Amino acid sequence: MWTFLRRRIISSAIPLIVVIVGVFALARLTGNPASLYLPLNATEQMREDFTARNGFDDPLLVQMANYFGGVLRLDFGVSLRTGEPAGEMVLRAFPATLQLAGVTMLLAVVLAVIVGSWAALKPNGIVDRISSFASMAAASIPDFWLAIMGIWVFAITLGWVPTSGVSSPTSWLLPIAVLLMRPFGVLVQIVRGAMVTSLSEPYIKLARSKGASEVRVVSRHALRNAAAPALTVAGDLAVGLINGAVVVESIFGWPGIGKLMIDSILQRDFAVLQAAVLLTAISIFALNILIDLGYAMLDARVRPTTRARKRRVTPAAAQERKLNVQPTR
Amino acid sequence: MSTITQTVSESTVRAENKLVLDVDGLVVEIRTPKGTLRAVNDVSFQAFSGRTIALLGESGCGKSMTAKAIAGLLDPVADVAGGEVRLNGTDLARLKPKERRKFAGPELGIVFQDALTALNPVYTVGTQLGEAFRIHHGLSAKAAKVKAVELMRRVGIPEPESRVDSYPHQFSGGMRQRVLIAMAVALNPRLLIADEPTTALDVTVQAQIMALLRDLRTETHMAVVLITHDLALVAEEADTVAVMYAGKVVETGPVREVFARPHHPYTRGLLDSVPANIGRGEDLKSIAGSPPELHNIPVGCVYQSRCPLVQDICRAVSPPLEPAGDDRAVACHFSKELDNV
Amino acid sequence: MSSPLANPQLPPGGRSVTPPSTEVIALPRTLDTSKPGLFHLLLKDRFATAAAIVLVLVGLTALVGPTLMGDLATQQNLSATNRPPFSLAEGWQFILGSDSLGRSMLARLVVATQTTLSVALPAVGISLVIGSLWGVWAGFHRGWRETISMRIADVIMSFPSLLLAVVVLYVFSPSAANIVLILALTRIPIYLRTARAESAELQSRTFVDAARTFGTKPAAIIRRHVIPVVLPTLLTLATLEFCYVMLAESSLSFLGIGIQPPDVSWGLMVAQGRQYLQTAWWLSLFPGLAIVITTVAANVLAAWLRIATDPAQRWRLTLKHKRKRFIARMPVKEVA
Amino acid sequence: MSEALLDVRELTKNFHVPGAKGNNTLCALDKINLYVNRGETLGLVGESGCGKSTLARTLLMLETPDSGSVRFDGVDPFGLKSRELLAWRRRVQMVFQDPFASLNARMTAGEIVSEPWATHRDLYPTKAARQARLSELFTLVGLRPSDAGKSPQEFSGGQRQRIGIARALALNPDVIVLDEPVSALDLSVQAQVLNLLNDLQQRLGVAYIFISHDLSVVRHVADRVAVMYLGRIVETGTAEEVFDRPSHPYTAALMSASPHLDVTATAPRQRIILEGEMPSPLDPPSGCRFRTRCWKAQDICATLAPEPRAALDNPEHISECHFPIEPTRDEPEQLAHAS
Amino acid sequence: AVANSEPSTGTTSADLVRIVLPQEPPTLEPCEANLTSTGVVVRSNITEPLVERNPTTGDLDPLLATEWEATGDTEWTFTLRDDVTFSDGTPFNAEAAAFAIDRAVNSDLGCNVEGYVFGDNDLVVTAVDETTLTVSTVTPDPILPLRLSFVEIVPPSTDTAAKVREPVGTGPYKVKQWDAGTKLTLERNDDYWGDAPAYAEAEYQWRAEGTVRAAMITSGEADLAMGLGADDGAGDLGLDYPNNETVALRLTAEIAPLNDIRVRQAINYAIDKQGITDSLYQGAHIPAAQLVPEGIVGHNPDLKPWEFDVAKASALVAEAKADGVPVDEKITIVARNAQFPKVSEMSQILQEQLTQAGLNVELKMVDTSAHLQYQLRPFVTNEGPIALLIQHGNQAGDAAFSVEQYMTTTGAQSVYGTPEFDTRLTDASVLTGDDRESAYQDIFEYQNEEIVQFAFIAHQTGVIGKAAAVDYTPNSSSGDELRLAEITPVS
Ligand SMILES: Nc1ncnc2c1ncn2[C@@H]1O[C@H](COP(=O)(O)OP(=O)(O)OP(=O)(O)O)[C@@H](O)[C@H]1O
Ligand SMILES: Nc1ncnc2c1ncn2[C@@H]1O[C@H](COP(=O)(O)OP(=O)(O)OP(=O)(O)O)[C@@H](O)[C@H]1O
Ligand SMILES: [Mg+2]
Ligand SMILES: [Mg+2]
């Protein structure tokens, strides 16, 4: 496992550098931030001073070299906007995002597993149809709209939760509910598909042949096998949450990394942007590695080259095989 | 056809062989886009303790469907539409799922056709072997594991203590098949259904597995329903045979007699297709054509399109399975004439 | 087996009198054609039919809507702003109310359909084509091509797409084409990864090996054997992505970097209507509904299409509801 | 032997198995020697995983060998460049085991059979010529030319295998490698396909390498037989020699293990039931590879790999064993059953 | 006096006033307090200037300085209070004042105040004694005290090399805690020299969405919400106040077709100012005729907004066209996203109305950074004629601040001027009293008649959401400096 980890970490390093270099270059394309940070009638001299002070007049490669040199010393530069070290700002914002994303994903997975499994028990049944519609609709509502609706209904009209902020435990409810929608909607589809597949696998019949109850069959046999595809998709969705809860964070005043990132983009606060991207990219790569580990834990198979002699493949058997590999929706 | 089954039973009940399974007029229907079709059409046979009955037939003739119907494990698209499946006198087909589960394991064990994929890949072999004890005897995980080791030893898996924590993929095909058999016989069922237990295996392993099954049968005196398409295997392993064609049983009887003197042209055709009996370079006698599609079964005899003896009556009237000598029965209008062809 | 002759399945008159009627099961003769037509199948599924109708309507709206209502959609009337919907007092064009500049909501929704689709469809299309071809190529050849492609996918996935949006939209110009570009670029990895996985699996299939034994070139094998097989999966994915892209476009609008007024898209309408949520809910609700309905319809239809075009799954669509238990248990003779 | 159509010498193929612990080199083919003459059938038998398919795939250049040589009509195909290679491709074709997996379900039967011509355009340059040849091929393998428009799902297993055979014949090859062509088929269909193959050989003079694990089938079709075990050919000879007077214990065990349709036998047959299973090719036994399951194994078998040895009475009957079975002395009863 | 059932968060007590801002202050650096986002928290709360402009009367009131007078052409002398200490205990004296002015105006910090209020020239600041301070300029500056009202006084311990995040000042409050990203709390400065403010603590939060800020007022989570729009949903809890901001289109009058004054006039005629204020701002905004609103020195009360007359506009365009002016040339309206409520709607109206007048108009919405490229020198010149939607706020109360920036030929934000106009402007800047007032009034009239660089739209009205539990009367400077001391609990 350690060799696996080492290999993965090494193989993630280059993409990571590419991401940072890309962000670095793209950010510089958005123009000199001088006018944003200097008084409206700043003189040419002031502009030049500003530019020189921040090293924006160096060739891009030199800037990059300086930056990476700093990163190696854990110096991520200073925010143009607040004058704070960018690293500190990012590390402060990141836990908020992580907590939000973590709780959201946890809930999404749990709910999706319950709803998805239930739907899979009777493909095309009434539960399936309803949950399919509902989850799809949930996933396609614009999040900011839902957020403001939620504030209006639950905070103002009903007064159950605070409108926004992080002041009390109840203030988690709305952001999570809003963020939950898309992961939940997508995951329900995936879990359902994987469960339909899993429930038609031969080992389910085997479990039934031992007299296992329906609950046992679903929860112990089908679910564990359906977990792998769901895990992969959940990983992708979590990446989305880590990278992009911008809208929800800015509406609810959630002091997270998404908000910080968009602010630093709009404010051309390059050091903060780069630090934020670096941190999120690292955590995304780490997440991917975790998912691979989780995958291995869920399923002991290393995809061996066991190749049974395929004798007498009947049309029905061929058909069944096909059914088994393809989730219906 | 019930008369026949009775005659069979009378002759075999002789010693200590008791009737364990009595399948009577079983009908299984499958709902498909092209309408409802009968994969198993009025199938009757019996299994006796300590004996092996083989269900023989070509691919798609309904063997597995019959097995699954008996075990109550039909796919959602298939239904038992008629007939009875009595296991020690209880009609399984009429039981509620919950009651039925009580039979699965202690009374009836089944080894599935797609054996190599039937084990759950994410649990250790020990966990899966112990599951039956946990379900039916309420054993703890630890006690179940002890039982699992015992079982593995019983089916001849070397070093069971160390292999009990292995995952299925770490086992070879033959070992997995042993595990599956172990699972099926875990609770000493009175009936074991083995659906093509060795089709995916090498001949050398097949020999091992069949030896194991024979030993287990002798040991626990269970009744075995062996499903296969391999004539030679039937010849060596089974006491009686039921030859199936397009969802129907076309001929039954003691293996030896049926193979020596088939009464049905289909049985005859099958025997003639075996290459071992023909020398190099000569043409084999194959059965021309192919089985009818289930959704398009003709009126009359199911075998009419391939039968060398076909006459007008075959196209109009389906021949019932009727007694034809000692312990034997055949569904053919012209079984008498067969020997003259 | 005490009384075998009392077998209830035997007709009372003995089997020689009446030919057993258990042989032929009543088949619905109308369904004789070996392949029920796709359209026919569609009509049998109420949900899929409804979805198809919705999509056809949306498509038609996008095509002819702007020519019919283009002027109406931009006609401002500052003295009749935020008129509530479902009133004919101002004329039929204000049946869905008017917006904050007194424009007809109906007309704007109609015109926005075209913009929305002309962003979402090309964005999905471009990323689908590029991602799929690339993924198929990478998966087919395995080795370094696969590794590098996957790393590139990683890079795109962990790249802040908003930055890209800001760069493209402010540094270049904020046009629909550029939004399409960004959305397409950032979604390429989705297809890339899926296509790669499927293609890597396919390249070891026997029929691909067979093609290799004729000396067929990889490009030809990909074209003939790989793409047709992965296409259904990718198309299903594309419909899910269609929803994502519409939402992403609306999020961009929320941040002010999406479709720029006076162009109008559903996403932009929701984004701009959000500040009127308490005073004029219809400004954001209707376009929001349009997004939801369209994506749900697209997904329902895609799910259906996938099953319908898959010979192995097609049967699922034609099944009637499970028969009641008592019918299933009826003796054979009564079935016939 | 020099005029053999296909001559394989010392062919070795290793796979690298990345996940495996310890040794990760899997020796799938270990110094294989065999030849095929024009118009004859070489049967290749052995248990699953012994390397039969790998050999077939290597002969078809789907895998590259690590060492050894393949000569086809005197040329080494692995040294050929594009145009010559394409020409060579025409002469060796393959029929696959699984008639369902080897046909692309999204193409029609006609498209499948004419697929090779898309690459070999000069073979039948005009559309009419291709059409004519297609009909001819369909007729040849016992299908109706009108079936060309159907998709594979609409055919039965035997018919599908016929399509596969027609596709292999499309380029008019000299050798067809048949990798378990009938093991997926039902008995009655198997008989039809075997008859077809026999018929084609007689008419076209094509040579077959017929891979199977079913001894009765091999016995029926093969002129000569090679028995493989764990990547090595342990015994070769004419079909009669090998089947009637097996010299390697493994061959004997194989034959003994396969069930027999012998309804006259009164007592259950005595059998050699081999212990255990084939060892992992990642970690083959030292010395003789079969020794772990061999009832005749002695100490020398563990230390010294047996050399190929010709039988006393027949130089073409070669086996690799320190203690070959002498038909006269050894296990007469078993051999009686095995024959 | 609680309007709404209280959710679990926070309580409205006399101890705490909760304010929600549109954005988090980047820093609390006093020398950048003229930036709205910083100043709204800092000014007159944490730090104080020497003198303070009364937003209602426009007069200068004493604060840390008790008296001031011009003691020469270019010199002003200030008499300072002697009873003031900074919140960290250091005493306030002329030394400290001189330090603070030096730091803000003469240092290399690049303070925003420096550029915004003082331009290029440095000041000479001398502490004569403990309570006397002289400030000299290079050229005579009649409004120097007004300018100095922007300089917040900090103790000499303040960093001179870098901007500070949490300053020390003499104000009624001091920073208690800043949970960056989440909230900022100020507490009462118990050593404050003046009257103690009503609230012991003030808590700032920030939400980007106007609707959310309004919702926090209605749900009782905040007492004051800044920067609302008319439709954000504050309802009765929203208080309108004139915020000194003026919205206008700034026309690149040197690029065809905008180089023809008839076209610029046509644009002015084409805009339905009243319609815009009525429909978008529920009549709260006032159609504008000049760059500064009432209450600013130099505002010309006689100027009437250009009448809305599409026919006239079209006629002018047609006339210009007949003279060969390329009126079909594309004119781009550039506006900044989220610059003020409904900026997008307003832009769309403008585009539509200019189009009605027969012009070819496109709309481009950009972000702040990009907007600044258009707004400031060097201007974007390669995109053809541009009508930039500007929002100008004169916080200082004197027209000089506006015209210097927007009307002189070299003004940082001025794209057009004439030498004659420049002379008028220079002359006006050194005048005082009524002369000054009428000079600027003339200037505004002159711009409308001869220059027409702008198409004025409206003087804006801000909306502050105010919970029923607090008393606060907003004034024209509320948006830039929200004086906590003026907030009191409802008794
Ligand atoms: N899910 C299904 N949908 C439609 N038809 C089915 C389904 N399952 C089985 N069938 C059909 O039912 C018939 C009987 O199938 P069954 O599996 O019992 O055959 P079998 O005799 O076991 O064949 P084999 O020897 O290949 O296992 C076949 O014709 C098959 O095509
Ligand atoms: N691509 C591969 N990579 C690694 N190992 C392989 C590969 N292909 C085959 N092998 C291994 O090589 C050995 C021989 O395989 P091969 O497929 O040739 O056996 P076979 O005799 O054809 O078996 P079967 O009868 O099951 O088809 C096996 O152990 C197999 O696992
Ligand atoms: Mg079967
Ligand atoms: Mg093989």
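In this text, all values refer to a predicted model and were calculated from it rather than measured experimentally. Both backbone and side-chain heavy atoms feed into the values below; hydrogens, waters and symmetry mates do not. We name chains A, B, ... by the order of the sequence lines, and we start the count at 1 in each one.
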Subject >> Atom pair CD1 (C/I156) and CG (C/L192), whose distance is rounded to the nearest 0.5 Å >> reply: 7.5 Å

**OP:** Would you check if C/L42 and C/L301 make a side-chain contact, meaning some heavy-atom pair closer than 4.5 Å?
**Re:** yes

Original post:
Relative to chain A, which segment of C/M157 carries a heavy atom at a distance below 4.5 Å: side chain, backbone, both, or neither?
Top reply: both

**OP:** Cation-pi check, A/R28 to A/F24: give yes when NZ or CZ is under 6.0 Å from the six-membered ring centre and within 45° of the ring axis, no otherwise.
**Re:** yes

Original post:
Rounded to the nearest 0.5 Å, how far apart are NZ of A/K259 and CD1 of A/I257?
Top reply: 13.0 Å

Subject >> Beyond-backbone contact of A/V246 with C/S251, side-chain heavy atoms, under 4.5 angstrom >> reply: no

**OP:** Select, from A/A281, A/P142, A/S250, the one with the greatest count of heavy-atom pairs under 4.5 Å involving chain C.
**Re:** A/P142

Original post:
Do A/I151 and A/F252 touch side chain to side chain, with heavy atoms closer than 4.5 Å?
Top reply: yes

Original post:
Do the side chain of C/T116 and the main chain of C/W266 share a donor and acceptor less than 3.5 angstrom apart?
Top reply: yes

Subject >> chain C contact via A/R268 - which portion, at a heavy-atom distance below 4.5 Å >> reply: side chain

Original post:
Which bit of A/I251 comes within less than 4.5 Å of chain C, counting heavy atoms only: side chain, backbone, both or neither?
Top reply: side chain

Original post:
Could you go step by step and tell me if C/T49 and C/W304 meet the side-chain contact (heavy atoms from CB on, under 4.5 Å) rule?
Top reply: CA-CA 10 Å; C/T49 312; C/W304 173 85; over 6 Å; no

**OP:** Please determine, among A/L266, A/T280, A/I14, A/D236, the option with the most heavy-atom pairs under 4.5 Å with chain C.
**Re:** A/D236

**OP:** Find the one option among C/A271, C/G288, C/G267 whose heavy-atom pairs under 4.5 Å with chain A are most numerous.
**Re:** C/A271

**OP:** Before giving the answer on side-chain contact (heavy atoms from CB on, under 4.5 Å), spell out for A/R182 and A/D143 the whole-Å C-alpha distance, their side-chain angles and the decisive distance to 0.1 Å.
**Re:** CA-CA 9 Å; A/R182 185 171 159 78; A/D143 46 6; over 6 Å; no

Original post:
Which one, A/I148, A/L16, A/I284, leads in non-hydrogen pairs under 4.5 Å with chain C?
Top reply: A/I148

Original post:
Hey, which residues of residues 269-277 of chain A are touching chain C, say heavy atoms under 4.5 Å apart?
Top reply: A/L273, A/V277

Subject >> Portion of C/L285 that has a non-hydrogen atom of chain A nearer than 4.5 angstrom >> reply: both

**OP:** Could you go through the side-chain contact (heavy atoms from CB on, under 4.5 Å) check for C/F242 and C/T294 one step at a time?
**Re:** CA-CA 10 Å; C/F242 181 67; C/T294 311; 3.9 Å; yes

